[in-house]
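Following: one structure in structure tokens, then a few remarks.
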Amino acid sequence: MLRAAAHSTAPARPTALPAWPVAAALAFYPLWWALGLGVLIFPIMAGPMVVLLLRRRQAGRPLLLPPGFGWWALFLAALLVSVAALGADPAGTVAEHASGRLIAVVYRFIMYASMTVLLIYTGNLTEAELSRRRLVRLLAWLFAITVAGGVLGIVAGTFEFTSPVEYLLPGSVRSKGFVQSLVHPYAAQIMDLVGGEKPRPAAPWGYTNTWGNNFCLLMGWLVVWAGTSRRASARPLALLGLAVAIVPAVVSLNRGLWIGIGVVVLYVAARYVLMGRLWIIGAVLAAALSLFVALIATPLGDTVSARLDNGKSNGVRSFLMQRAVDGFVESPIIGYGSTRTTIGGRNSITVGESSECERCGNFTVGGNGQFWQLLYAHGAVGTIAYLGFFGYGLWRFRRDRSPIGIAASAAIVSSFSAMLWYNAIPTPLAFMFLAYALLWRNEKGDTHAR
């Protein structure tokens, strides 16, 4: 009887999900970057997220899956099935054993799995555990960090240092370019695009293209934060932040970023017009006029003109797009399981990468945009499933007219244009999933709070 009484009075296993795995990954991202963890923080935090979700499930509380998750599950399955073609050597690509390509495949799958856990975990959090307002504030903070990283890239383009994690790696490992992008903090990538080598902002996201992609995905959250914050200084700070953001956005010479900003603005304007709020037209025109004046009154206008007149990457992109389509035609169902390296360059198979010209050849098919990587690496099944998940989300949440709903859907819409020239792994996909989680939580409100 004593044993039975003790059992009946034992405290129930806690069912609440703590916010710290999500909040710590986002709030302290600059610290993770400086330590050399950077994007690795997401798979690191996925571990405790899984444990906490399983613990709550065992306590009898249901585990919710996002709407349309079947599409994403199909994509993950396509990812695994496509590994069967990993040993194939498509025409015009460097021959390599399947085992040599496995590291990149494992890395991408770990990242996809980690982001999936992030989506499910964030979507299962209640308002009491991590409010939507707080999550918006964290995303706005990361936009501010992105802008600060852009400014750092401009004023101190050669700034870099050896991280603690980098010190722990063997020299043969940490010298590899891909590993450097993960563990070696640097402010900018130095490139020659408009005559002479110039720094292009990259901190704290590793690559200039990723910096530009995240800029578009995060910018709307600063506006939402300013519009919903109770602080009187929120709106002036947001306006100042957006004004400062123009400089690194232009100096980055990132045409994909410029297009992405245009997509976000036009989408948000269209949504507000459909809601009958025609004042948005005047606001967009005023912002466009201010930007035009800033460009003609400062050297930024010359920078834009120089970039538009020097499309050095156009030929390479066209070449890689064609190779991706050719590969898709040859293996249309499951793709090739991963990217491939071309033999030579776009003009000759005898032209390759060298110390004198790192961008002359040996290009990565599928490395010039998420869409092309999906087609080439995972075929029709993977591509349709990936697009189907985000497309379903946009349709499912189309009636969400809240500031969070519009900003989140705008971020996902911008990712559809960005996927033509940017890859989504890892951080852009994280921010796409967090936008999706906010839409999902907006729909269900706090009905599953305990």
Side-chain angles (χ1 to χ4, degrees), residues 142-157 159 181 186-220 222 241-266 288 291-292 294-295 298-318 320-321 358-359 363-364 367-373 410-411 413-429 431-432:
L142 283 178
F143 178 72
I145 291 300
T146 302
V147 174
V151 173
L152 177 65
I154 294 172
V155 301
F159 175 77
S181 71
Y186 52 87
Q189 288 185 281
I190 311 299
M191 297 181 181
D192 180 4
L193 294 180
V194 294
E197 293 189 337
K198 299 182 184 298
R200 302 180 68 199
W205 308 118
Y207 294 102
T208 297
N209 282 348
T210 307
W211 183 89
N213 199 353
N214 288 343
F215 186 107
C216 290
L217 290 167
L218 295 169
M219 60 181 285
L222 182 70
L242 291 173
V244 173
I246 293 174
V247 178
V250 172
V251 175
S252 70
L253 305 175
N254 200 324
R255 293 172 298 176
L257 166 59
W258 303 344
I259 294 172
I261 293 174
V263 169
V264 170
V265 171
L266 291 177
L291 178 61
F292 177 75
L295 291 178
T298 67
L300 295 177
D302 296 333
T303 302
V304 173
S305 297
R307 182 65 180 104
L308 295 178
D309 292 339
N310 290 273
K312 289 187 176 182
S313 62
N314 293 347
V316 174
R317 287 189 176 276
S318 298
L320 291 175
M321 289 177 189
E358 295 182 356
R359 299 166 62 86
F363 303 117
T364 301
N368 62 312
Q370 184 71 8
F371 180 72
W372 312 111
Q373 184 174 113
V413 167
S414 74
S415 74
F416 275 90
S417 65
M419 69 189 310
L420 296 175
W421 35 79
Y422 296 145
N423 291 91
I425 287 292
T427 49
L429 184 61
F431 300 139
M432 290 160 62

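Since this is a predicted model, take the numbers as computed values, not measurements.
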Side-chain donor-acceptor pair present, T427, N214, cut-off under 3.5 Å: yes
Spatial distance of atom CG (L320) from atom CG (N368) [nearest 0.5 Å]: 4.5 Å
Donor-acceptor under 3.5 Å (Y186 side chain, F159 main chain): no
Flag side-chain contact, heavy atom, 4.5 Å: F431 against N213: no
Heavy-atom closest contact (P428 atom, A424 atom, distance): CD-O, 3.3 Å
Which residues share a ring-ring contact (aromatic ring centres under 6.0 Å, His included) with Y422, sequence neighbours left out: none
Validation row: I154, P199 side chains within 4.5 angstrom (heavy atoms): no
Minimum heavy-atom distance N423-Q373, with the two atoms named: ND2-NE2, 3.0 Å
Atom of N209, atom of R317 and distance for their closest heavy-atom approach: ND2-NH2, 3.8 Å
Sidechain-backbone polar pair: W372 side chain, G367 backbone, donor-acceptor under 3.5 Å: no
Any donor-acceptor pair under 3.5 Å from T208 side chain to P201 backbone: yes
Note, W211 side chain near P248 side chain (heavy atom, < 4.5 Å): yes
Listed partners of S415 passing side chain to side chain contact (heavy atoms under 4.5 Å, CB included), at least two apart: L217, I412, M432
Flag side-chain contact, heavy atom, 4.5 Å: F215 against I261: yes
Minimal non-hydrogen separation, A187 against G157, with atom names: CB-O, 4.4 Å
Any I259 side-chain heavy atom under 4.5 Å of W421 side chain: yes
Closest non-hydrogen atom pair, L257 against S252: CD2-OG, 3.8 Å
Heavy-atom pair with the smallest gap, counting every atom of W258 and L253: CZ2-CA, 4.0 Å
